[in-house]
Amino acid sequence: MAVIQGDLVQRWQTMLPVNTPNRFVFNIQPDQVQGVRDSVATMTSQPLDMFPMVRGRLVKINGKKIQADSYDNPRAQRLVEREFNISFTNILPSNNQLDRGQWFRSDAQRFEVSIESGVAQRLGLSIGDWLTFDFAGQAIQAELTNTRSLNWDSMEVNFVVIFPPHVLQNFPQTWITALYAEEPTISEKSRQLVRQFPNITILDVGLVIQQLKAILNQVGQAVQFIFLFTLISGGLVVMACILSSARTRTRESAILRTLGASSRQLIRAAWLELTVLGGLAGLVAAIAAQVLGWAIAAFVFDFSYVLSISSVITGLVLGILVSVLFGAWSIRRVCLTPVMQTLRNTPI
(Lines give C-alpha, C1' and ligand atoms only; values in the text may rest on other atoms or scores of the structure.)
Protein backbone atom coordinates (compact mmCIF):
# COMPACT_ATOMS: atom_id res chain seq x y z
CA MET A 1 0.00 0.00 0.00
CA ALA A 2 2.91 2.38 0.69
CA VAL A 3 4.20 1.88 -2.84
CA ILE A 4 0.84 2.00 -4.62
CA GLN A 5 -0.95 4.57 -2.48
CA GLY A 6 1.61 7.38 -2.56
CA ASP A 7 4.58 6.54 -4.72
CA LEU A 8 2.78 5.86 -8.01
CA VAL A 9 0.64 9.01 -7.94
CA GLN A 10 3.62 11.14 -6.95
CA ARG A 11 5.76 9.69 -9.74
CA TRP A 12 3.00 10.19 -12.28
CA GLN A 13 2.75 13.86 -11.31
CA THR A 14 6.52 14.38 -11.54
CA MET A 15 6.49 12.87 -15.06
CA LEU A 16 3.95 15.42 -16.32
CA PRO A 17 5.49 18.11 -18.54
CA VAL A 18 6.05 21.61 -17.20
CA ASN A 19 3.00 23.86 -17.61
CA THR A 20 0.72 20.85 -18.01
CA PRO A 21 -2.88 22.12 -18.42
CA ASN A 22 -4.65 22.40 -15.08
CA ARG A 23 -8.05 23.56 -16.37
CA PHE A 24 -10.40 22.15 -19.03
CA VAL A 25 -13.09 24.47 -20.40
CA PHE A 26 -15.91 22.75 -22.30
CA ASN A 27 -19.59 23.03 -23.29
CA ILE A 28 -18.63 26.15 -25.25
CA GLN A 29 -21.22 27.02 -27.91
CA PRO A 30 -20.01 27.87 -31.44
CA ASP A 31 -21.08 31.54 -31.14
CA GLN A 32 -19.11 31.82 -27.86
CA VAL A 33 -15.78 30.54 -29.21
CA GLN A 34 -14.23 33.93 -29.92
CA GLY A 35 -15.51 35.46 -26.67
CA VAL A 36 -14.18 32.57 -24.59
CA ARG A 37 -10.88 32.69 -26.48
CA ASP A 38 -10.48 36.40 -25.69
CA SER A 39 -11.37 35.91 -22.02
CA VAL A 40 -9.14 32.87 -21.55
CA ALA A 41 -6.25 34.75 -23.20
CA THR A 42 -6.12 36.95 -20.08
CA MET A 43 -5.64 33.86 -17.90
CA THR A 44 -2.62 32.35 -19.65
CA SER A 45 0.29 33.45 -21.83
CA GLN A 46 0.45 30.13 -23.69
CA PRO A 47 -1.10 29.56 -27.14
CA LEU A 48 -4.69 28.41 -26.84
CA ASP A 49 -6.07 25.58 -28.99
CA MET A 50 -9.83 25.14 -29.18
CA PHE A 51 -11.47 22.05 -30.65
CA PRO A 52 -15.02 21.30 -31.87
CA MET A 53 -16.70 18.25 -30.43
CA VAL A 54 -19.60 16.14 -31.73
CA ARG A 55 -21.12 13.10 -30.02
CA GLY A 56 -21.34 9.93 -32.10
CA ARG A 57 -21.43 6.15 -31.83
CA LEU A 58 -19.73 3.51 -34.00
CA VAL A 59 -22.50 1.20 -35.24
CA LYS A 60 -21.12 -0.65 -38.30
CA ILE A 61 -17.80 -1.90 -39.65
CA ASN A 62 -17.73 -2.63 -43.39
CA GLY A 63 -21.51 -2.56 -43.43
CA LYS A 64 -21.83 -5.14 -40.64
CA LYS A 65 -23.66 -4.02 -37.53
CA ILE A 66 -21.63 -4.40 -34.34
CA GLN A 67 -22.75 -4.93 -30.76
CA ALA A 68 -21.02 -5.53 -27.44
CA ASP A 69 -21.34 -9.30 -27.79
CA SER A 70 -19.43 -9.07 -31.09
CA TYR A 71 -16.22 -8.89 -29.01
CA ASP A 72 -14.72 -10.98 -26.22
CA ASN A 73 -12.50 -8.18 -24.92
CA PRO A 74 -14.34 -6.23 -22.16
CA ARG A 75 -12.63 -2.98 -23.19
CA ALA A 76 -13.78 -3.47 -26.78
CA GLN A 77 -17.32 -4.14 -25.53
CA ARG A 78 -17.31 -0.86 -23.60
CA LEU A 79 -16.06 1.01 -26.68
CA VAL A 80 -18.97 -0.31 -28.75
CA GLU A 81 -21.52 0.54 -26.06
CA ARG A 82 -20.38 4.15 -25.51
CA GLU A 83 -20.58 7.35 -27.50
CA PHE A 84 -17.36 9.02 -28.62
CA ASN A 85 -16.48 12.67 -28.33
CA ILE A 86 -15.51 13.19 -31.97
CA SER A 87 -13.69 16.20 -33.39
CA PHE A 88 -12.93 17.44 -36.90
CA THR A 89 -9.81 19.13 -38.24
CA ASN A 90 -7.50 19.15 -41.25
CA ILE A 91 -4.38 19.53 -39.08
CA LEU A 92 -2.83 16.63 -37.19
CA PRO A 93 -2.90 17.64 -33.47
CA SER A 94 0.53 18.45 -32.05
CA ASN A 95 0.46 15.70 -29.41
CA ASN A 96 -0.63 13.04 -31.95
CA GLN A 97 1.67 10.89 -34.05
CA LEU A 98 0.64 9.17 -37.26
CA ASP A 99 1.16 5.41 -37.01
CA ARG A 100 -0.38 4.01 -40.20
CA GLY A 101 -1.90 5.44 -43.32
CA GLN A 102 -1.92 9.05 -44.51
CA TRP A 103 -3.40 12.15 -42.93
CA PHE A 104 -6.34 13.93 -44.54
CA ARG A 105 -5.61 15.98 -47.63
CA SER A 106 -6.75 19.57 -47.18
CA ASP A 107 -8.47 19.56 -50.60
CA ALA A 108 -10.02 16.09 -50.28
CA GLN A 109 -13.81 15.90 -50.26
CA ARG A 110 -14.27 12.19 -49.62
CA PHE A 111 -15.46 10.94 -46.24
CA GLU A 112 -12.42 9.85 -44.21
CA VAL A 113 -11.88 9.10 -40.53
CA SER A 114 -8.88 8.76 -38.20
CA ILE A 115 -8.86 6.41 -35.16
CA GLU A 116 -6.51 6.15 -32.18
CA SER A 117 -4.22 3.13 -32.66
CA GLY A 118 -5.13 1.33 -29.43
CA VAL A 119 -8.85 1.55 -30.10
CA ALA A 120 -8.34 0.42 -33.71
CA GLN A 121 -6.40 -2.61 -32.48
CA ARG A 122 -9.00 -3.56 -29.87
CA LEU A 123 -11.82 -3.29 -32.41
CA GLY A 124 -9.84 -5.17 -35.08
CA LEU A 125 -9.84 -2.26 -37.54
CA SER A 126 -7.55 -1.99 -40.57
CA ILE A 127 -6.72 0.79 -42.98
CA GLY A 128 -9.36 0.82 -45.72
CA ASP A 129 -12.24 -0.35 -43.51
CA TRP A 130 -15.50 1.54 -43.87
CA LEU A 131 -16.91 2.71 -40.55
CA THR A 132 -20.46 3.89 -39.97
CA PHE A 133 -21.11 6.36 -37.14
CA ASP A 134 -24.48 7.41 -35.83
CA PHE A 135 -24.85 11.11 -34.98
CA ALA A 136 -28.20 11.64 -33.27
CA GLY A 137 -29.93 9.37 -35.77
CA GLN A 138 -27.98 10.43 -38.85
CA ALA A 139 -25.55 7.82 -40.19
CA ILE A 140 -22.20 8.82 -41.69
CA GLN A 141 -20.01 6.24 -43.47
CA ALA A 142 -16.30 7.02 -43.83
CA GLU A 143 -13.13 5.18 -44.82
CA LEU A 144 -10.47 4.58 -42.17
CA THR A 145 -7.41 6.20 -43.79
CA ASN A 146 -5.02 6.48 -40.80
CA THR A 147 -4.44 5.59 -37.16
CA ARG A 148 -2.78 7.79 -34.52
CA SER A 149 -0.94 7.31 -31.23
CA LEU A 150 -1.79 9.88 -28.54
CA ASN A 151 0.24 11.26 -25.69
CA TRP A 152 -2.35 10.85 -22.93
CA ASP A 153 0.16 11.96 -20.27
CA SER A 154 0.27 15.45 -21.79
CA MET A 155 -3.13 16.27 -20.22
CA GLU A 156 -4.00 18.05 -23.48
CA VAL A 157 -7.34 17.67 -25.26
CA ASN A 158 -7.26 14.32 -27.10
CA PHE A 159 -9.80 12.66 -29.38
CA VAL A 160 -10.06 8.98 -30.26
CA VAL A 161 -11.97 9.73 -33.49
CA ILE A 162 -11.28 12.65 -35.87
CA PHE A 163 -13.04 13.51 -39.15
CA PRO A 164 -12.18 16.10 -41.82
CA PRO A 165 -14.08 19.41 -41.28
CA HIS A 166 -16.38 19.06 -44.30
CA VAL A 167 -17.93 15.90 -42.85
CA LEU A 168 -19.11 17.23 -39.47
CA GLN A 169 -18.88 21.02 -39.51
CA ASN A 170 -22.65 21.42 -39.97
CA PHE A 171 -23.57 19.06 -37.13
CA PRO A 172 -24.59 20.35 -33.66
CA GLN A 173 -21.35 20.83 -31.76
CA THR A 174 -19.71 22.23 -28.66
CA TRP A 175 -16.10 23.34 -28.21
CA ILE A 176 -13.42 22.46 -25.67
CA THR A 177 -9.99 23.76 -24.69
CA ALA A 178 -7.31 23.14 -22.07
CA LEU A 179 -5.04 25.73 -20.46
CA TYR A 180 -2.43 26.23 -17.78
CA ALA A 181 -2.39 29.19 -15.41
CA GLU A 182 -0.82 29.91 -12.06
CA GLU A 183 -2.73 29.71 -8.81
CA PRO A 184 -4.43 31.50 -7.13
CA THR A 185 -5.35 34.01 -9.85
CA ILE A 186 -6.78 31.29 -12.10
CA SER A 187 -9.47 30.44 -9.56
CA GLU A 188 -10.86 33.98 -9.50
CA LYS A 189 -10.60 34.35 -13.27
CA SER A 190 -12.36 31.00 -13.71
CA ARG A 191 -15.27 32.26 -11.63
CA GLN A 192 -15.40 35.44 -13.72
CA LEU A 193 -15.44 33.34 -16.91
CA VAL A 194 -18.36 31.24 -15.64
CA ARG A 195 -20.28 34.39 -14.70
CA GLN A 196 -19.70 35.73 -18.21
CA PHE A 197 -20.65 32.43 -19.91
CA PRO A 198 -22.94 30.53 -17.48
CA ASN A 199 -23.38 27.51 -19.76
CA ILE A 200 -19.70 26.54 -19.90
CA THR A 201 -18.04 24.08 -17.53
CA ILE A 202 -14.53 24.45 -16.09
CA LEU A 203 -12.84 21.32 -14.76
CA ASP A 204 -10.05 21.80 -12.22
CA VAL A 205 -7.54 19.00 -12.85
CA GLY A 206 -5.80 19.69 -9.54
CA LEU A 207 -9.01 18.94 -7.65
CA VAL A 208 -9.39 15.69 -9.59
CA ILE A 209 -5.87 14.62 -8.56
CA GLN A 210 -6.59 15.59 -4.94
CA GLN A 211 -9.77 13.53 -5.03
CA LEU A 212 -7.80 10.59 -6.45
CA LYS A 213 -5.34 10.88 -3.57
CA ALA A 214 -8.21 11.08 -1.06
CA ILE A 215 -9.77 7.90 -2.48
CA LEU A 216 -6.41 6.11 -2.31
CA ASN A 217 -5.98 7.26 1.29
CA GLN A 218 -9.44 5.93 2.19
CA VAL A 219 -8.65 2.62 0.54
CA GLY A 220 -5.35 2.55 2.41
CA GLN A 221 -7.08 3.14 5.74
CA ALA A 222 -9.53 0.34 4.99
CA VAL A 223 -6.66 -2.02 4.26
CA GLN A 224 -4.62 -0.97 7.30
CA PHE A 225 -6.53 -3.35 9.57
CA ILE A 226 -5.57 -6.29 7.36
CA PHE A 227 -2.02 -4.94 7.20
CA LEU A 228 -1.72 -4.71 11.01
CA PHE A 229 -3.35 -8.11 11.43
CA THR A 230 -0.88 -9.63 8.98
CA LEU A 231 2.05 -7.89 10.70
CA ILE A 232 1.04 -9.15 14.14
CA SER A 233 0.40 -12.61 12.71
CA GLY A 234 3.90 -12.63 11.24
CA GLY A 235 5.35 -11.69 14.62
CA LEU A 236 3.34 -14.41 16.34
CA VAL A 237 4.63 -16.92 13.77
CA VAL A 238 8.18 -15.94 14.73
CA MET A 239 7.37 -16.50 18.42
CA ALA A 240 5.62 -19.80 17.66
CA CYS A 241 8.61 -21.06 15.68
CA ILE A 242 10.96 -20.23 18.53
CA LEU A 243 8.71 -21.67 21.23
CA SER A 244 8.04 -24.84 19.23
CA SER A 245 11.77 -25.46 19.11
CA ALA A 246 12.36 -24.17 22.65
CA ARG A 247 13.24 -27.60 24.03
CA THR A 248 15.88 -28.22 21.38
CA ARG A 249 17.21 -24.67 21.63
CA THR A 250 17.40 -24.90 25.45
CA ARG A 251 19.33 -28.17 25.26
CA GLU A 252 21.75 -26.78 22.66
CA SER A 253 22.19 -23.65 24.76
CA ALA A 254 22.97 -25.70 27.86
CA ILE A 255 25.56 -27.79 25.99
CA LEU A 256 27.24 -24.70 24.50
CA ARG A 257 27.34 -22.97 27.89
CA THR A 258 28.82 -26.12 29.42
CA LEU A 259 31.53 -26.02 26.75
CA GLY A 260 32.36 -22.40 27.67
CA ALA A 261 30.00 -20.17 25.70
CA SER A 262 28.57 -17.25 27.65
CA SER A 263 24.89 -16.30 27.78
CA ARG A 264 25.73 -13.01 26.08
CA GLN A 265 27.34 -14.82 23.15
CA LEU A 266 24.32 -17.08 22.74
CA ILE A 267 21.91 -14.12 22.86
CA ARG A 268 23.97 -12.29 20.24
CA ALA A 269 23.94 -15.36 17.99
CA ALA A 270 20.17 -15.71 18.42
CA TRP A 271 19.67 -12.01 17.62
CA LEU A 272 21.81 -12.45 14.52
CA GLU A 273 19.56 -15.32 13.45
CA LEU A 274 16.43 -13.21 13.98
CA THR A 275 18.01 -10.32 12.10
CA VAL A 276 18.86 -12.48 9.09
CA LEU A 277 15.41 -14.10 9.00
CA GLY A 278 13.60 -10.77 9.43
CA GLY A 279 15.81 -9.08 6.87
CA LEU A 280 15.12 -11.80 4.28
CA ALA A 281 11.38 -11.57 4.93
CA GLY A 282 11.40 -7.77 4.66
CA LEU A 283 13.55 -7.88 1.53
CA VAL A 284 11.22 -10.33 -0.20
CA ALA A 285 8.19 -8.23 0.80
CA ALA A 286 9.80 -4.99 -0.43
CA ILE A 287 10.84 -6.48 -3.77
CA ALA A 288 7.36 -7.97 -4.23
CA ALA A 289 5.85 -4.52 -3.57
CA GLN A 290 8.17 -2.95 -6.14
CA VAL A 291 7.23 -5.59 -8.72
CA LEU A 292 3.53 -4.95 -8.05
CA GLY A 293 4.12 -1.19 -8.30
CA TRP A 294 5.88 -1.68 -11.64
CA ALA A 295 3.04 -3.86 -12.96
CA ILE A 296 0.39 -1.28 -12.02
CA ALA A 297 2.51 1.56 -13.42
CA ALA A 298 3.10 -0.28 -16.71
CA PHE A 299 -0.34 -1.81 -17.31
CA VAL A 300 -2.70 0.62 -15.51
CA PHE A 301 -1.03 4.03 -15.34
CA ASP A 302 0.96 3.35 -18.53
CA PHE A 303 4.23 5.01 -17.53
CA SER A 304 7.74 3.79 -16.72
CA TYR A 305 8.56 2.89 -13.13
CA VAL A 306 12.01 2.96 -11.56
CA LEU A 307 12.95 0.73 -8.64
CA SER A 308 12.91 2.67 -5.34
CA ILE A 309 15.96 1.75 -3.28
CA SER A 310 14.56 3.60 -0.24
CA SER A 311 11.42 1.41 -0.26
CA VAL A 312 13.55 -1.74 -0.40
CA ILE A 313 15.69 -0.51 2.52
CA THR A 314 12.55 0.41 4.49
CA GLY A 315 11.11 -3.07 3.97
CA LEU A 316 14.40 -4.63 5.03
CA VAL A 317 14.56 -2.58 8.24
CA LEU A 318 10.91 -3.19 9.11
CA GLY A 319 11.34 -6.93 8.62
CA ILE A 320 14.31 -6.94 10.98
CA LEU A 321 12.46 -4.88 13.63
CA VAL A 322 9.38 -7.13 13.59
CA SER A 323 11.48 -10.28 13.81
CA VAL A 324 13.72 -8.99 16.61
CA LEU A 325 10.94 -7.39 18.66
CA PHE A 326 8.72 -10.48 18.60
CA GLY A 327 11.52 -13.00 18.97
CA ALA A 328 13.78 -11.29 21.53
CA TRP A 329 11.74 -12.28 24.60
CA SER A 330 11.50 -15.92 23.60
CA ILE A 331 15.19 -16.15 22.70
CA ARG A 332 16.25 -14.50 25.94
CA ARG A 333 14.16 -16.95 27.95
CA VAL A 334 15.80 -19.89 26.19
CA CYS A 335 19.36 -18.61 26.50
CA LEU A 336 19.13 -17.68 30.21
CA THR A 337 17.64 -20.95 31.49
CA PRO A 338 20.02 -22.37 34.16
CA VAL A 339 22.34 -25.09 32.80
CA MET A 340 21.86 -27.56 35.67
CA GLN A 341 18.07 -27.29 35.46
CA THR A 342 18.20 -27.95 31.72
CA LEU A 343 20.53 -30.94 32.00
CA ARG A 344 18.44 -32.52 34.78
CA ASN A 345 15.04 -32.05 33.06
CA THR A 346 15.99 -32.57 29.42
CA PRO A 347 17.32 -35.97 28.31
CA ILE A 348 20.31 -35.64 25.99
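- Between Leu203 and Phe26 there is a side-chain heavy-atom pair separated by less than 4.5 Å.
- In terms of heavy-atom proximity, Lys60 sits nearest to Ile66 at N-CG1, 4.2 Å.
- Remark: Glu188 CD is packed, more than 12 non-hydrogen atoms of other residues, nucleotides or ligands lying under 6.0 Å away.
- Thr42 places a side-chain N or O within donor-acceptor distance of the main-chain N or O of Ser39, the cut-off being under 3.5 Å.
- A salt bridge is defined here as a Lys NZ or Arg NE, NH1 or NH2 lying under 4.0 Å from an Asp or Glu carboxylate O, and Arg78 with Glu81 fails to meet this definition.
- Under the 4.5 Å side-chain heavy-atom criterion for grouping Ile, Leu, Val, Met, Phe, Trp and Tyr, Phe51 is connected to Leu92 within one hydrophobic cluster.
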Worksheet item: Do Met50 and Val40 pass the side chain to side chain contact (heavy atoms under 4.5 Å, CB included) test, and can you show the C-alpha distance, the side-chain angles, and the key distance before you say yes or no?
Response: CA-CA 11 Å; Met50 302 187 70; Val40 171; over 6 Å; no

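- The hydrophobic cluster containing Leu280 also includes Leu272, Val276, under a criterion of side-chain heavy atoms closer than 4.5 Å among ILVMFWY residues, counted directly or through chains of members.
- Judged by distance alone, with hydrogens and angles left aside, the side-chain atoms of Trp175 form no donor-acceptor pair with the main-chain N or O of Val25 at under 3.5 Å.
- Under the 4.5 Å side-chain criterion, counting only non-hydrogen atoms from C-beta, Ile202 is not in contact with Phe197.
- In this structure, a donor-acceptor pair under 3.5 Å is present between the side chains of Arg55 and Asn85.
- Note that the OG atom of Ser87 and the CG atom of Leu168 stand 8.5 Å from one another [nearest 0.5 Å].
- Cluster note: Ile91 groups with no other residue, as no ILVMFWY side-chain heavy atom lies under 4.5 Å from it.
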Review item, side-chain donor-acceptor pairs of residues 121-136, under 3.5 Å, at least two apart:
residue : atom : partner : partner atom : Å
Asp129  : OD1  : Asn62   : ND2          : 3.2
Asp129  : OD2  : Ser126  : N            : 2.7
Asp134  : OD1  : Gly137  : N            : 3.2

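- Around CG of Asp72, the count of heavy atoms belonging to other residues, nucleotides or ligands within 6.0 Å does not exceed 12.
- Residues Asn146 and Ser114 have side chains that bring a donor and an acceptor to within less than 3.5 angstrom of each other.
- Within the 4.5 Å cutoff, the side chain of Val161 has heavy atoms near those of the Ile115 side chain.
- Cluster membership check: Ile320 does not share its hydrophobic cluster with Leu318, using side-chain heavy-atom separations under 4.5 Å among Ile, Leu, Val, Met, Phe, Trp and Tyr.
- A donor-acceptor contact shorter than 3.5 Å links the side chain of Arg37 to the backbone of Leu48.
- Put simply, Leu316 and Val324 are part of the same group of oily side chains (I, L, V, M, F, W, Y) that touch within less than 4.5 Å, one to the next.
- Under a cut-off of 6.0 angstrom, the local environment of NZ in Lys189 is crowded, with over 12 non-hydrogen atoms contributed by other residues, nucleotides or ligands.
- Between the CD1 atom of Ile176 and the OG1 atom of Thr201 there is a distance of 10.0 Å, given to the nearest 0.5 Å.
- The distance from the CZ atom of Arg148 to the CG atom of Asn95 is 9.5 Å, given to the nearest 0.5 Å.
- Counting heavy atoms from C-beta on, the side chains of Val157 and Met53 never come closer than 4.5 Å.
- Here the side chains of Gln290 and Val312 are in contact, with some heavy-atom distance below 4.5 Å.
- In terms of heavy-atom proximity, Val80 sits nearest to Arg57 at O-NH1, 3.7 Å.
- Counting only heavy atoms from C-beta outward, the side chains of Thr89 and Phe159 never approach each other to under 4.5 Å.
- Counting heavy atoms from C-beta outward, Phe88 and Val167 have side chains that stay 4.5 Å or more apart.
- Taken to the nearest 0.5 Å, the OG1 atom of Thr147 stands 7.0 Å off from the CG atom of Leu98.
- From Arg110, atom CZ reaches atom CD of Glu143 across 5.0 Å, with rounding to the nearest 0.5 Å.
- Hydrophobic clustering places Ile28 together with Val194 (ILVMFWY residues linked when any side-chain heavy atoms are closer than 4.5 Å, directly or through intermediates).
- In this structure, CG in Asn96 is found 4.5 Å from CG in Leu150, a value given to the nearest 0.5 Å.
- Thr177 places a side-chain N or O within 3.5 Å of a backbone atom of Asp49 that can act as its donor or acceptor partner.
- Both Leu283 and Ile309 are members of a single hydrophobic cluster when ILVMFWY side chains are connected at heavy-atom separations under 4.5 Å.
- The backbone N or O of Leu274 lies less than 3.5 Å from a partner atom in the side chain of Ser323, making a donor-acceptor pair.
- By the 4.0 Å N-to-carboxylate-O rule, Arg23 lies close enough to Asp204 to be salt-bridged with it.
- In terms of heavy-atom proximity, Ser149 sits nearest to Ser117 at N-OG, 3.8 Å.
- In this structure, the side chain of Gln77 engages the main chain of Tyr71 through a donor-acceptor pair within 3.5 Å.
- Closest heavy-atom contact between His166 and Gln169: CA-NE2, 3.8 Å.
- Counting only N and O atoms by type, the side chains of Asn158 and Glu116 include no donor and acceptor under 3.5 Å apart.
- Considering all non-hydrogen atoms of both residues, Trp103 and Asn90 come closest at NE1-O, 2.7 Å.
- Contact of the Asp38 side chain with the Gln34 side chain is registered, since non-hydrogen atoms from C-beta on lie closer than 4.5 Å.
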